[in-house]
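First listed ligand is number 1; within each ligand, the first listed atom is number 1. From a predicted model like this one, the values you see are computed outputs, not experimental measurements.
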Amino acid sequence: EPLVSLRGIAKRYATGTLAVRGIDLDIAQGEVLALLGPSGCGKSTLLRMVAGLSEATAGRIDWPSGQPSARDIGFVFQEPTLMPWATALANVALPLELGGMGRREAAERAAAMLARVDLKGFENAYPRALSGGMRMRVSIARALVTRPRLLLMDEPFAALDEITRFRLNNDLLELWEAERFTVVFVTHSVFESVYLARRIAVMAPRPGRIHAELAVEAGYPRG
Ligand code: ADP
Ligand code: ADP
């Protein structure tokens with residue numbers, strides 16, 4: 001039984017653009033899925049509909065194990081959207097506090113999650129004092145700290161230089177393998193799809209549709 005199942009999904013914007021159509025896709029529990037395609041092919045539109053941030057104009061999105069609440073879905077945007085007036089720790093603790101957790105426990109869990117993304121020692125740093133890669137790590141920690149049923153990432157590495165990006169890829173792989181998160185991420189990088197995902201949905205050559213689903217047989221050799 002999939003975690004989420006999309007059937008016949010289409011989205012037409014008010015401008016008339018048919019951004020996606022005829023999308024059938026199952027997202028399995030525990031899998032890492034890449035949505036791969038060039039700019040403008042509808043990847044973000046599709047991701048936002050899965051997140052419930054945007055309404056499909058046709059089709060159905062089913063969650064067989066129960067409709068998700070906002071806290072069941074972690075969303076990471078291309079640009080880190082951290083609160084500039086709050087420390088890294090406070091940024092990550094906030095979703096827990098909003099969920100009713102006490103300050104002390106929220107802070108402990110936030111610190112543990114920051115350590116998981118290799119930011120031990122930066123708990124009290126403000127976003128402006130962190131590099132782009134570090135801010136992205138904080139955003140990812142904030143998205144994961146509530147242990148969402150599904151993590152969605154919309155070109156999370158696009159703004160990072162290649163080395164920062166590669167380091168972050170490696171750390172995320174380790175985290176996902178250790179904790180069995182279900183992840184869907186958007187990318188236009190073939191390398192990143194093959195390296196990070198175990199399944200790739202390809203939205204090319206014509207925009208708006210999934211033209212192929214590819215299984216990545218084994219992990220890319222690492223180390
Ligand atoms: P990306 O290619 O990184 O997904 P875009 O640059 O296409 O993002 O779009 C950035 C933002 O502008 C998104 O929030 C998207 O919804 C919005 N947008 C993109 N194209 C249009 C459009 N034709 N009309 C209105 N908003 C748009
Ligand atoms: P991708 O993420 O693959 O770059 P998008 O989902 O952002 O693609 O965009 C798919 C198509 O929908 C593009 O033609 C884009 O211009 C259009 N689009 C995206 N967001 C909006 C929006 N908010 N309003 C109108 N058109 C949009």
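In this structure, Arg48 has a heavy atom closer than 4.0 Å to ligand 2.
Checked against Glu31 for a side chain to side chain donor-acceptor pair (under 3.5 Å), the options Arg199, Arg198, Arg180 give a single hit: Arg199.
Between atom 10 (C) of ligand 2 and the options Gly16, Pro38, Gly40, the minimum heavy-atom separation is to Gly40. The heavy atom nearest to atom 8 (O) of ligand 2, considering only Ala204, Gly42, Gly37, is found in Gly42.
Shown in contact with Ser39 at under 4.0 Å from a heavy atom are these atoms of ligand 2, numbered in order with element: 4 (O).
Note on Phe181 and Ile140: same hydrophobic cluster, where clusters join Ile, Leu, Val, Met, Phe, Trp and Tyr whose side-chain heavy atoms are under 4.5 Å apart, directly or indirectly.
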Name each donor-acceptor pair under 3.5 Å that joins a side chain in residues 79-93 to protein atoms two or more places apart or in another chain, with its distance.
unit_1, atom_1, unit_2, atom_2, d
Thr81, OG1, Arg142, NH2, 3.1
Thr87, OG1, Ala90, N, 3.0
Asn91, OD1, Met83, N, 2.8
Asn91, ND2, Met83, O, 3.1
Asn91, ND2, Ala86, O, 3.0
Asn91, ND2, Thr87, O, 3.1

Which pairs would a plain distance check flag for residues 116-130, meaning a side-chain donor or acceptor within less than 3.5 Å of a matching protein atom at least two apart in sequence or in another chain?
unit_1, atom_1, unit_2, atom_2, d
Arg116, NH1, Glu179, OE2, 2.2
Glu123, OE1, Gly121, N, 3.0
Glu123, OE2, Gly121, N, 3.3

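In terms of polar-atom proximity, Ala19 is not counted as a contact of ligand 2, lacking any N or O under 3.5 Å from an N or O of the ligand. At a 3.5 angstrom cut-off on N or O pairs, Thr45 counts as close to ligand 2. Close N/O approach between Ser44 and ligand 2 is found [any backbone or side-chain N/O within under 3.5 Å].
Looking at Ser65 and Arg149, their side chains do bring a donor and an acceptor atom within 3.5 Å of each other.
For an aromatic pair to be called close, the ring centres must be under 6.0 Å apart, and Phe166 with Tyr195 satisfies this.
Residue contacts with ligand 2, taken as heavy atom pairs separated by less than 4.0 Å, involve Thr17 solely via side-chain atoms from C-beta onward.
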